[in-house]
Every structure is written in C-alpha cells, then in structure tokens.
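This report refers to the structure that appears directly beneath it.
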Amino acid sequence: MSAQVLVFDILSVIAVLAALGVVLARNPVHSAVSLALTFVNLAAIYVILRAEFLAVVQIIVYTGAILVLVLFVIMLVHQEDLPEFHGGQPLQRVFGFLVGLALLGEVAAAILTRTAVGQIGPWTPQQVAAAGGNVQAVGQVLYSGYVLPIQATAIVLLVATIGALVLARPDAAILPGVIQRQVLTISLGHPRGDGDEEGYEIPMLPSGTTTKAEAGERELVMVKDGDEFTDQPAWGDRKR
Amino acid sequence: MSHLTPDHFLFLSAALFIIGMMGVLTRRNVLVIFMCIELMMNAVNVSFIGFAWEQNSMVGQAFALFVIAIAAAEAVVGLGIIMALARRRDTVDINAVRDLRE
Amino acid sequence: MADWLFLIPLVPLLAAVINYIFGRWWLKSLSSWIAILAVGFSFILSVVTFLDIRSGGGIITQHLYTWIPAGNFVVPVTLEVDQLVALMLLIVTGVSLLVHIYSVGYMHGDPGFYRFFAYLPFFVFCMLMLVLANNYLLLFVFWEGVGLCSYLLIGFWYRRRSAAQAAKKAFIVNRIGDLGFTLAIMLIFIHFGTLQYADIFSHIDTASGHTLTIIALLLFAGAVGKSAQIPLFVWLPDAMEGPTPVSALIHAATMVTAGVFMVARSYPIFEASASAMEIVAIVGATTAVVAATIGITQYDIKKVIAYSTVSQLGYMVFALGVGAWVPAIFHLFTHAFFKGLLFLGAGSVIHGMHDEQDMRGMGNLKKYMPVTYWTFLAGSLANAGLFPLAGFWSKDETIVSAWAEGHPFVAIAGLVAAFGTALYMLRVVYLTFHGTERFDPTKVHPHDPPWSMKAPLILLAIPSVIAGMLVGWPPDKGWIHDFLGPVFAQGKAPVEVATSTTVIFAIISTLVVLAGIGVAYFAYVGGRISPRQWAKRLGPAYQLSFDKWYFDDVYEKLIIHPLYLFSVFMWRVVDVEIIDGTVNGVATAVSYTSERWRRAQTGLVSNYALAIGLGTVIIIGAFLVFGSSLFP
Amino acid sequence: MDGIPILSFITYAPAVGAVIIFFWPGATPRAARWIALVSSLVSLALSIAMLLSFDTSLPSMQVSGKPQFSEIHSWLPAVGVSYRLGVDGISAVLIVLTTLLSVISIVASWDPIQKRVREYMIAMLLLETGMLGVFVSLDLFLFYIFWELMLIPMALLIGIWGSANRVYAAVKFFLYTLAGSLLMLVGIVATYQAYFNETGIHTLNVLELAKGHYSHEFQMWVFAAFFISFAIKVPMWPFHTWLPDAHVEAPTAGSVILAGVLLKMGGYGLLRFNLPLFPEAARSWQPYIVVLSVIAILYGAIVALVQPDLKKLIAYSSVSHMGFVTLGIFAFNAQGLEGAMIVMISHGLVTGALFLIVGMIYNRGHTRLISRFGGLATNMPIYASFFGFFMFASIGFPGLSGFAGEFLAILGALQVYRWAGVIALIIVILSAWYMMWMFQRVAWERAPGEPPDANDPVLRTPIPDLPEERLKPVMGGSGDEHFIDPRTFPDINWKEILMLTPLAILTLWIGVYPATFLDFVKPALQAILMPFGGSGF
Amino acid sequence: MALDFVQPDWILLVPELVLLGTAILVLAGDVFLPRRNHYLLSWLVMAGFSVSLVSNLLIDWGAGKTTFSGMFRADYFSLFINIIVLSAGIMSIMISTAYVQGNDEPGAMPLPEYLVLLVLSILGTMLVGAAGDLLMIFIGIEMGSLAVYVLTGFARDRSTSIEGALKYFLLGAFATAILIYGMAWIYGATGSTNLAEIATRLKPMMTGDSKIEPSLLLALLLLAVGLSFKIAAVPFHMWTPDAYQGAPTPVSGYMSVVPKVAGFAAMARILVEALGPLSETWLTLIAILAVITMIYGNVVAVAQRDVKRMLGYSSIGHTGYMLVALAAYNSTSAGDRSVGSLLFYLFAYGFMNIGAFGVVTWLQHRGHGVDLDDFAGLGSRSPLAAFAMTIFMLSLMGMPPLVGFYAKYYVILAAIQNNLTWLAVVLVVMSAVSAFFYLRVVAVMYFNEPIRQWQAQSTPLLGVGLGLMALGTVGFGLFSGSVLDLAQKWVQAFT
C-alpha cells in the first residue's frame, strides 16, 4: 500500500506546485498551462481514489473544455503586461497571503482533530466491481437518485448558454434593426483602456479627408473615452 | 507512510483550495482569478471524492460530477462576461474596473 | 337678602361686558352711563346690605356653585358678608361710583372712552368678588382679577411705551407676591384640607406653629405685592401712568388695600404666629418711613401722592403687624376717602394744566381753580393727619396701638413718617397752588373742571374731613370698634389703652404734623429755608430719596439683567448648542460614520474578496477558539 | 347608540374626505376646501354627539372592562391584534378637542394656503384621522399604527407648506418622533410577550394587559421605552428641541394642530399606557420625571423670555406648559391628574388660538419677528382683544382655563415633593413676563418707525432686543425682506373671529365651570389612580 | 445492483414545470415572433407565472411529500417561497418590459433572452425552496445566480453594467467555492447530502453538552459564509451596492429580491432543517452577522445620493433585519415565529423593493437619472408616482400601516419571543437611522422644486405594476393575517 501513498504524495506535490504556478506565473498562458497540469494530476489522484469515471470527466471537461475555452479567451482579449506583484496594493497581497495561511491553519486544525466520519456507505470496492466497475456504479446512482439534479443541471447549462450568447454576441447579431438608431462611439483618444494617463493625443485626420467620408453614413464623434459620449444620460454611471 | 488516510487528500484539498483563494485575493488579471476559482472548485472535488473513497459512498462522486458540470456552466458565463468587459474596456486588469465604488 | 347678594358684583360685570362688546361702535359715550348706573345699583345694594348687617349682625352667605371639584379639593363659589365685608362693600362701591362720575368728564373725548368704562366696572366686579369670597382661592382669583384690571388700566394709553412698561411691571411685581400667596393657599389646603375661612379658623390649632408662621409669611408676601410694601412697592409709583381716576380708585382707595384686607381676613393665622406678626410690623413701619422720605423729593404730583399711598399703606400694615386689626381697617376706611380725593384733585390739576404733571411747571393755581384747591387742601391735611380731620383719628390709633402693644420703635417710625407726610403733602399744596405761576398763562389756561368732576371732589372732601370723627370717636373705642369687633372676636382682645396715653400721643402727633407743615411753609412759601441748599447740604441722603432708594436700579442690575443674560445663555448655549447640538450631533455623527465607512467599498474586487476571506477566517477562528458560546 | 360604530365613523370621516379629494381628479382647490371642511365638520358633529351621549355615571373602563362605544373586530388573532376601539372620559374629551381644532385649522388654511390645496387638505384630513385613531384605539398595535400614521401628513404639512427652513424642521420632527416611537414598538412587543408568558393569552388589549403582573425590572425598562416616546411628543425637556423648529416652520394650521393635539398625545399616552400598565415602574421613575418636569417648566419660560420670533416664543411656552402635564401626572394624586388633564385641554385651546393669532398677523405682515410689529391694538382692536384674552389664558389667569390646571398640578406635586411644587411655582412670574412682553411689543406701543409720544418719559427697557445682525442667522428667512407697516393691517374679518370665538368661549367655560369637563374625566382618572392608592378621591 | 428508478410524483413539480414550459415557449417565440411583437412574450411569461402560482393549489402541501429520492420536497416552506418568487417575478416583468424593450439603455437588450433568464432564475430559486438535498440547493442557487449574473450585465454597452456583472460573478463564484467546500465537509462528517438525513445523523453527535466537532464547525461556518454572500450579509456584502448600481434598474429590483430569497431559503433549509442540531452555534453567528449587517447597511446608506446604490445598501440593512428573524430560531415548536417572520419579511420586501426600483425605472423612462436630484419635485410633477414612491419608502422604513411595518413587527415579535430583546432594540434603532435616507427621497420629491427636463412617455404596464405593488404594500399590511398564518406553517414543513 505504501506505493499507493508514494504515488499519491508525488502527484499531490506536483499538483500543489502546479497550482502555485497558476498563482505565481506572470503570463496568464503559463497560468493556464500550470492549471492544466494540476487538473491532470488531480485526475490521476481520482483514479487512486477509485473514481475512474470522474478522472475521465475531469480530463475531458476541465482540461479539454474549460481550459481550452480559457485559452481562447486569453488569446481573444488583449493581454497587457500587468505588473502582478509589483506596485498595485502591497497590503492587499500581504493580507491575502495571511488570510490564506490562517485559513490553512484553521482547516488543518479541523483535519487533524477530525473525528466525525460519516456513515460507511454500501459501495465497497467489491460492490463496485460487482456492479461492473466505477462507471456503472456511478451510472446506477445517478439514474436512480439523481434524476432531478441532472435535469436541473441541464437547465443550468441552458442558462449558461443563453447568458453567453447574450453577453458575447455582437450587437448586430442581436438586434439588427436597432443599430441604425444608435450613435456609435469610436474612441480615438484612448486606443486601449481608459486610464487617465497623459501622453495620448487625439490623432489628426490626414489632410484632405473628411470625417463624414471616413465614417460613412454614421455620425463621427471624437471622445477620449467610450463612456464619455452616449446618446442617453449615463444611467447609474457616476459622473465625475 | 503506510496507508492512504483521509488526511492525505484533505490536506491536498485544503492546500489547493487555499492556493486558489490566495490567487483570487492577490492576482489582478481577471482570467487568472477565474482560473484560481476553478482551482478552488477542483479542490472541493478532491474533498468530495476523497470522502466518497473514505466512506465507500457514491454520493461524493455524484456531487463532484455535478460540481464539474456547474463549473463548466459558470465558466461559460464568466468568460462571456470577461469577453464583454474586454470588448468594452479593453482591459483584463481587475483594478482598472472600479467605476462603481463607495 | 341672601338671594340677591350676587347682584352686587354681577351688575357691574354685565355693564363691563356690554360696554366692551358694544361700546366701540354703538354705545360710544353712552357706555359711561351704563357703567355709572350699574355701579350705582351696586352701591345701593351695598348700602342695603350694610344696613342689614348693622342691624342684624348676622353673616350673610350665598352659595352659587362649585367651581373646582378635584378629589377632596373642592372650591365653592360662595359669597359671604360679615361686618368687615359690608364696610368694604361700602367703600368700594361708594368710591367707585364717585370715580365713575368723575371720569365722565375726565375721560371725555378719549378714543378709548368705551374701553375705560368697560374696564372700570370690571374692576368693581373683581374687587367686590374679592371681598365677598368666602375662601382663599376665590379671593385669589379676584385678587388676580383686580391685578388684570390694574394692568389694563395702567396700560390704558398703551401707545406710550412708559405706560406699557408700567403696566407690565405692575403685573409682574404683583405676581412675585402672588407666588407666595399661591403657595400659602396650597399649604393651607394641604394642612387644613379646606380653603374656606370659617373652616380654617375653627381648626387653626390643628397646625403647628411653624407651619402657621410659614403660611402667614407667604400670605403676607401676597399682601406685600398688592399693597405695595417694601420690597415690592416699586410698581405703584410707575402705575401712575394710568389715567388719574384709575389712580384714585385702584391705586389708592381700593385695590391696593386688598392686601390689608386679606391679612385682616386671615388674622387668626397671623395671631398664631408672633414672629410673622413681628415681620409684618417691621415691613409696614419701614415702608411708611421710606416711602415718606421719597415723597419729599419727588416733583411729579401723582408720584408724590403715590408714595404717600405707599406710606399710608405702611401704616395699615404695621397696624396689622401689631395686632391692631380695627385701627388698620379704620385707616383703610379713612384713607380711601382722602387719598381718592387727593388723586381726583391731582387729576383736576392735570386736566386743567393740559396734562402737565410736573409741579415745577405749576404754581398759584389757587387763583384759577378754587374748588380744586380747597378740596385738595382738605385731603392733604387729612392725609397729613391734622386734628380733627379724618386721617388724624385713624393714624393716631395705629400709632397708639403700636405703642400699647409693645412696639415702641414702630410707633416712633409712625411719628417720623407722620412728619414726612405733613411735609410732602403741604409741599405739594404749596408748590401747586401757591407761589407764582411757573407756566405761561397765555398758553395754558388752568380752570376748575366741570361739575361732573367737581361734585365727586366735594363729595369726597366731606368724609375726608368728618369721617374720622364720626366713626372714630372716642379714640380706641369708637363706633367702628363696636361694629368690627365681632369680626376679630376670635383673636386676643386688644390691649386697653389708657386715656392718658391716647391724649399724649394725640398731642405729640399734632405737634409733629404741625412741625411738618411748618417746615413746608418756610421752605416753599416763607422762603426761610431754601430747599435747594438743603438738598445740597444733605447730599447723598437727598439723592437717595430722589432716586427712590435705588430699588429699581438694584432690581434692574441684580435680577432683571442677570436673568436676561441667563435666558440668552440658556437659549443660545444650552438649548441651541448643547441640547439641539447633541441631537444634530447624532445626525452628523451618523453621516460622518457613513462617509467613512463607505470608503471601505473601494470598488476593487480584490478588496471585496479579501473582505470575504478575512470574514471567513475571523469567524472560523473565533468559533474554533472560543467555541460556540461566544455569548450566552 | 348601541350598534352604530360611531367611533369608526368619527375616525374615518376625514379619511373618506381625503380619499374623495384624492381620487376626484377634477377637484378644484375650492372644492377640496369644502370637502375637507364638510368631512371634518361631520367628524366634529359626530364627536359632539358621542360626548353628549357619553355616560359619566358609569365606572371607567379600566374598572369595568367595558369601554363605552366599544367596537371589537378580530384582525390578526395569531399575534393577538384586534380592531378594538373604545373611549373613556379622557379620550372622549380629547376627541372633541381634536375634531374642533381640525375644523378650525381647515378654516384657518382657507385663504392662506393657495399652493397645492388638494394635497394640503388630504394631508390635513389624514392627520385628523391619525390623531383620532390614537385616541380611540384600545389595542396597542392599532394605537401604534395611528400613532405613526400622524407623522407623515404632519411632516408633509411642515415640509411643503412651511416657511424658509421647512425641510430641516420637517425631517427633524419626523426623525425625532420616529426614533422615540420605535423604542415604544419594542416595548409593546415585550409587554405582549410578557403577558403571554404569564397567562398564555395572545392579546394587545390595553385593558387586558393592565391586569398582568410584570417583574419590576421588566417594568422599568418597558416603562422607559414607552416613556421616551411620549416624552418626545409632550415634549419634555430635554427632548423638546424639535418643537421650536417644527412650530416656527409649520403653516398656521399645522402649528395649531401640533400644539393643540399632537402634544396632548404624549400626556394621553402616559395616562393610558404608562401608568396603568407599569404602576410600579411609574413609582420608581417618579422622582426623575418630576425633576425633568420642573426643569421643563422653568426652562421653557426662561428661554421664551428672549425669543425674537413669535412662534418660537409660543413654542417654548408650550414646553413650559406641558411640563405641568407631566408634573401633574407624576404626582399620582387626584389634584395632580385632574390638573394635568385641565392643562392639556387648556393648552390645546389656548396655544392653538395663540398660533392662529400669530398666523393672522403673519398673513398680513409675512414675518414672525416681534420687532416688526407694534401698536396693533390701535388699528386691530378686535384682534388685540382676542390676543389679550388668550395671552392671559396662557399666563394661567384665574377664571380662564389654564389656571385651575396649573394650580392643581402644582398642588398635586406639592403634596409629593414640596420642593418641586415650590420651584415650579416660579412660573407664575416668568409666564406673565414673557407673554406680556410679547403682547406689549406686538399689540401695544407703536409700529416700528412711528415717532414716539412727545411727552412719553421713555423708561428703560428691562430686556433689550437682540441686535438685528444677531437675529438674522437665527431667523433665516422669516420673510422680512419686504417690511409691511403694521399700521396698514386691517382688523380681523368675520372668518377669523369665527375661528377664535369658540376657542375663547371654551377657554372661559372651562375656567369658570370646569366641573362640566371634570365630570367626564373623573371616573377614568380615579381608575388610573387605583394602583397608586387613589389618594385624594 | 439494478437500477431502481422510482416513478416520480410529477404533480409536486407542476409549478416548476409550468415555468420550464414557459421558458421554452419564450425561446420559441424568440425565433418565431417578429421583434416588434416580442412584448407579447412578457404577457406570456406573466401568464406563465400566474399559472404556476395557481397551480400551487394542485398540491397537498400539508403532506410534506418528497420525490426524486428525497431531492425535492413539497411542503409549506417551498409553497411560500414559490409564492414570493412568482409574485416577485410578475412584478419584475411589469417594471422591466418597457425598459428592456425600449431604448432606455445604451445598446439594445433582447427581451426574449431577458425573459428566459428571468424565468429560469426564478425556477432555480423555487428549486432551492423545495430542495431536499444539498446538491439541489447548490444547483438551484447556481441556476438563479448564473442567470442574474447575466442579467446584471444585460446592458452590456454600458461599462458599469458589465463591471457590476463581473464583480458579482467573480465574488459569487468565489463564494460558491466556499459554499461547496462547506458542503463537502458536511458530507464528510455525515456521509450524506440529504438534508433530513444530515439532521438525523447529527442528532446523536450533539447529545449532551459535547462540544461541537471542529470539522463540523468548519463545515457549518463555510456554509454560512457561502450563503451569507448570497443574502449580502456584512462582511460578505461588498458586491451588492456595485452590482445594484451597475445593473439595469429593473434587474436591480429583481436581484434585490429573488437571489436574496434563494439565499434565505437555502439558509433556512440548511441551517434549520439540516443543521438544526447545531443551532446553538449558528444562532450565535447569525445574531452577530445580523447586528453588523443592520448597522453597516443602514449607516452607509445615509451617505448615498445615487438612489439605486442607496437601495443597494438599504437591502443590506434589510438582510440584517431578516437575519434577526433567523437568529430568533428556537425550535420547530408551533409557537416559534422565526422562520415565519423571515418568510413574511421576504414577501413584504418583494413588494416594496421592486416597487421602489420600479419608480426609479419609471423616472428613467421620462429622461431622468437615478440621482436624488432626479426625484426633485416629483410630488408636484407626478403626484401618483411620488405617492407610490412615498409608500414604498415608508414601507421600507417600517411605517404603519404598510406591509414593511408588519414585517418588522413580526420580526421583533420573534426576536423578543426568544429573548433577543437587544437585537430588537438594535433593529429599531437602525430603523430610525434608515428613516434618515428613505425620508430624504420623500423630502426631495415633495419639498424641492424640479430640476431636470421632463420627457413625457407612456408606460402603462409599468404604471399598472406600480399601482399593484403600492396596493399590495398597503393591502398586505392591513390584511397580513392570512399571509402570516401561511408563513407560520413553516413549522409543519421542517418537522
């Protein structure tokens, strides 16, 4: 059995190190890769913990789907070189670190003094084997006691789908008719971000060109910030 | 180091959970924060599966499965929001997003 | 008889109400006749009552209704007439009637004519109710009522600031005395369980001497206010801002004697407390002297007479203080006539001089207004106490009683004041009616008033001359003693005064009065004495007298101004800054806290997450360390 | 009158008027006024009918458990709440006072209110319903509802139709009273629970709750919770600072209602709830409350002495007068309680009238600064007569309503605490002082700027006016930008006479023959006194 | 082991199924209806909610039946939650249709998607109310939350909207992780995720005066923290003001009620039903949270001038009041009013808070902003709207005879019943503080003169909705007896 422990420990250490990598890496892509490493390690640990089906799901869903999604997003959005551990809020970091340590201590105390162990269930390894393996056992449980949660989860996924559609679809795709009535804003002053830093200048149009021509049928308004101009009062926006 | 005890996976779970939490508390990149939350969820899954292993129960495994499913849903919505933000503000720095305060 | 007793006060009240409501637009000058008829009616009834009492000797009572029934605190409205009251009724209605008649001429043409003839009957009503009341609270009600009339009438010419001030001053100073009076009434109720005279006096021995002293002194405080004794006499001279008939009726003949009446009414309480009596005597004697000294130096004709009133009231009060109840009432009786006469005479002078009151602007008026002169002279001499005029008999009795009851200093004070009285009275006469005209006869044409004013003068001059002799002879045993005897029967019998003492004092006082007259004559007619030089020679003493012993200034500096500063302090500092400041401070504190706490909402997700994490850690830590019993 | 829910009719008649005005979109200001007047007149008529048929010979409801004109309907049985109305003598009299003053207030707002008349009348009528509800309800929950119901319309009256600093005053009034009453809410629930624990009965019926036996400590706390709420309404020193602001800023009618009825609710609450429910605590709190009362009596008068603003002066005088109410109540004897009752009624009539009187010249001169008036008795003799009459009534002049009350209250206190009575008596001087000084400057003397009488030997002014520049910040905008010469004011018209006359008659009546009125309250007061040994009856 | 799938008791799920059907119909409508007719979908959804509400009558709630192997419970508690969220849903639709469909935000918002998300989030909340298992609570909460995250960011052309959504989402996910970590620990300690089973297994552990086991404590506290986030209890509230301010106004109204209902339903289900044996511990925690929540929420609201943000803070304050009700839990004895008063409070809160946001929406339709100044002079310009707003503000303040007062009264009653007088005192003191900022809105409406331009616009549905909510705020106060009786039947549900 000690081999099992050894493997578990090795996998755990790698998982923890990879997790630290997620937090410490400067580049989000590195973080994502570290996260993938963690996930894979955890999948292996699931196997040790007699959860083979979940190990597979872990690989497929997390590593295969979620992380890929994250990577796509990382590629899509413009990545800035954020000075993660420099500048910013040192106090916040110190406190974050301390809170983590304290919570670790508290959870450790709970783990070490733990006596409350739940009732031992019927799914001994023998029973699982009798059912035909972990997948079959999980299937039996899910399709007897967990019918409603499965349906509900389906609805949750539906919600997520609709939500993602609503949030990420371009305007034109949602309401083609409305767009023409909107005044669009093109922020020329700040190509990126809306920081207050000086240094950006509104580029002058080359001589001989007219804004009307450049903008086509749309009215062109020059502002420093996308929020600065809308055709409606800025609801709820803080006027400063 | 004779047997695999619950303490093993519990500490693993705790460590991952807390690393994830520290990441949420310290990082500025929205995407990284999001990944850290995923990490925390995974840590919880480790606990569930470990408890199931300890108690010869399938409940924990089932629960973990749902956690993964829900996490996926959350990922979709979360990334959607991040996309919308990035499109609108062209930033993923969480500290740059503070128009709403006080 | 008893059935229509209530008509005596009620009829003037009706006249007052009618005049006030309808006088301005409809009745106009007719209102005076309504008032005169009403008061005349009361006078007739009073005479009938008086005769009834004199013949029957019994006490007449009439219960009207129960005023306040609060638990065992029951105050009935019951009228009661005994000999004392009968006499007072006579004085009040009689003098009132004359003053009413006099006022028709005096107030002629005044825009507030109707108002005057509403206030005046109302005063009569209040005064009558005051004397008719059979319990202290009812007496107090009309005690305040006459105060109200006094206020309204002093402030009759309210457009003058001085009149308005004087009215207010009179009321407030009286209120100081009333404070004591009220307290006395409450204590009487607490100790005796009733407020009716008869019930209290019959149980007088149930209360301890200490209690009775306190009650007596508090009652006396009321009298001090109303009867203008030291230290509360300051309002009376100022009250001369009112029309002169008012001064005659209210501030000389009737209202100011209410205090004397009240103390006499309560004589069993006073007699039970020697120390209270002592204080009453001392206050009265002091007032008599102090007021007399002030009177010597004043130039306003009404002010002099006002101080004279204060002084004469002092006589009555010290007579009360020595237990000479009948002499006190006797002096009240005669004083009503001659002081009323003096004021009306002064009114004639002022009327004739076109509202000039300063004696330095008069002189030789004898030539222009003979009737006024002679009546005024009679009143002055009566006031001075010249034998055999009315004042002599009553004043002498008070002095003799004081001596006989063992208060020699009081008696001497009385004599000193008598000298002063003679001096200032004759000073007034000489300055006003003798000498040379100090006004411009081409512009001012002094003249005797019309008959409606002359008649009251004459009618009052008669009793001023003879009343003392009629009722006061023989001294200390006269008719008035017989008549009022039953009223004061409960007290200890007055000390028998030897005839020799009476005679000796009569001679002494006559000499004193003559001395006073002499000094006045030499100073203002004979020219042997120069008042101006004497004033310089006496220096501070003269100034003291001229400035009325600085009573007003002391009150102003020690009470009124500090109170004003205190009020401003209470308002600006305590109320606005401290109490309201605290209230507003709470609101400010909440807002401030709010502004501070909202900064916790930094807008940074990291901070928010940290709050969650920190909260989690703290909660878990706290529960792990302290267990679940953080608090019971 | 059995079977007719007359108390409900009285209470809701104004509310019906308000609803009609609210939902009738075509209601012109004129119609709104008439509807308001009619509905409040209906309420007045009904309340007088109720008073006339009130049986004074019956024992009080605290004794018999049967209130007169009782109405009981089940409402929220699960929490012991029922719709329970009923009156005893105390509330019956106060109801009539309320309906009378409401009618007068509506008449008083007839001409001066020209802005948003409909809303004004709605607020006025709702306010009346709230006030009446307070007096008729015997269920604590119901009572609390009506109690709070009054706040909003009153705050609106001050805040919308008030003068310059009105918003501050309205908000202050609202928050102050709300803060107090919220504690009372806790007290109500605590009492309910304590009674339930003792007997197992769910009830909020006051008469029922009074039978409970509560521990002394419990009584002390809950008494305090109730008391603070009522003390703020009274208002008792040092909880009074909302009053001057509210009075000064409120429109005339608002001031009348405020002084006439709202302040009475504090006293009424003490009589109805604090004393019967927590007699032991009342006894323990007595000395402290007596001290506060005495302070209030003197303090109000002293501060009133130097007020430059008419309404503020009367407001502070209210603090002083209402001190007699608490003083009398906490004497726990017949004289004290009857005195307190008389003072309440009298203060309602007299101070109400005084605010009307101030309002009348405010309408003419658009200022409340005393120094802007003078010599009004010359051109407004009728006005000055009423003014003088009510001034003397306010001073506590015997024969007018206030005297008997103040006298009895002090007499009651004197029997318990000698010093309290003696100190409180100083008021007889101070009240005369500030009132007469005001009267002198407003009605007597001369208008500002008018030359003085040639031979007026000008006396010293005992209390000089504050200098103008120091007045300005206090007065904010009392509207004296355009000074109107008081000599041009016309005398009061028949409408104004009509408003003041009933008040004057009642003031005189109560002063001369208080028995009519004491007969009503006597059984009730007797019952209230029973746990205190009923001394004096 | 054979698959033992038991035929479920479908009738118990009829209300939920109606909603699901509605959602599907709306999705279909999105496809088939022309855009200009999308408003019909609002009516459809309202009809769906109404049908769902009525269909509650089909169920015998008293029996407390469970189905789907104990995953789903149909008891009085779930009935009441259904009533609250369905009525809140109807009200939300009323105030939001015109806003979403119209052009009141930069960028356009698709109404059908909005409606689907709304319906599904309500469905999720109903599932939480009816949950018999920690898993169902988790899924239900997520279903509700995910929809609301999206709704918060629905005005996606306005960066503050996205910002609010992002904050809400990140912190929500963070809290969810904490919540499920707690669930894992509960599972570890009891071996079950079924609420009833957890309770029966915990009971023997808590016999005598044994101290609570640390891992159980950890589990309990992690759960409490996770749920406290959902109900916005201090210090887990920080997302609330930002999200409220950022979200489109009708969504703010909606999210101030329904997710809170979900959080409280979960709290009641977990703490009272499952962790009832540990009540001694969590009651302490809840009481502490209640105090700091009440104080913080109400005090900070004082300084706000943005009405939406102010309402956000005020909702924190109300969370505190509701926590007082929960802290008054004693036992599931018939007389215990704690959860009953909590339910009534939530019910009352729905009417008044959605109403308040409704008036803000109403103003926005007329070209106004959400600042306090935008309310200036509303009393003279539009008396009815001002009157409605006054009613909502006063009700939130707790003025009788409005429903908010009754809610507060029952909470105080519950608190005092269980000897928490000090909490009741804190509650009323904070109510007084709250009057400060609620009254300011009323004062500004009536006492100030209008400042902003006025654009006339007709919004009949919104108007009717506001009227109904105002009516409900008044009516459900005066006739709160039957509602309260129904809420009080929670006792039967949890025993």
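Just so we're clear, the structure is a prediction, and the values are computed from it rather than from any experiment. Naming: A, B, ... by sequence-line order, numbering from 1 per chain. When reading the values below, keep in mind they use all heavy atoms of this one structure, side chains included, and skip hydrogens, waters and symmetry mates.
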Among [options], which has the most heavy-atom pairs under 4.5 Å with chain E?
| options | answer |
| --- | --- |
| B:G78, B:A84, B:S47 | B:G78 |
| B:L10, B:V77, B:V76 | B:V77 |
| B:A43, B:S13, B:G50, B:G80 | B:S13 |

- Message: Please classify the contact between E:M238 and chain B as side chain, backbone, both or neither, with a heavy-atom cut-off of under 4.5 Å.
- Response: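 Contact with chain B involves no heavy atom of E:M238 at all.
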- Message: Heavy-atom cut-off 4.5 Å, strictly under: side chain, backbone, both or neither for E:E163 against chain B?
- Response: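 Both parts, backbone and side chain.
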- Item | Leading residue by heavy atom contact count with chain B [cutoff under 4.5 Å; candidates E:I162, E:L170, E:L135] |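 The residue among E:I162, E:L170, E:L135 with the greatest pair count is E:L135.
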Per-residue contact mode, [X] against chain E (heavy atom under 4.5 angstrom):
| X | answer |
| --- | --- |
| B:A64 | neither |
| B:A14 | both |
| B:E74 | both |
| B:A62 | neither |
| B:V59 | both |

So, do [X] and [Y] sit near enough that their side-chain heavy atoms are less than 4.5 Å apart?
| X | Y | answer |
| --- | --- | --- |
| B:F17 | B:V46 | no |
| E:Y296 | E:Y313 | yes |
| E:I141 | E:L227 | yes |
| E:I316 | E:V300 | no |

- Aromatic centroids of E:F138 and B:F66 separated by under 6.0 Å: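 Ring centres of E:F138 and B:F66 not closer than 6.0 Å.
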- Task: Measure the CE-CG distance between B:M22 and B:L39 for me, rounded to the nearest 0.5 Å.
- Result: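 It is 12.0 Å, given to the nearest 0.5 Å.
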- E:Y149 and E:F169: CA distance, side-chain angles, deciding distance, ring pair (Phe, Tyr, Trp, His ring centres under 6.0 Å) verdict: CA-CA 6 Å; E:Y149 299 150; E:F169 167 74; 5.5 Å; yes
- Query: Using 4.0 Å as the upper bound for N to carboxylate O, is an ion pair formed by B:R98 and E:D242?
  - Reply: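 Salt bridge flag = no for B:R98 with E:D242.
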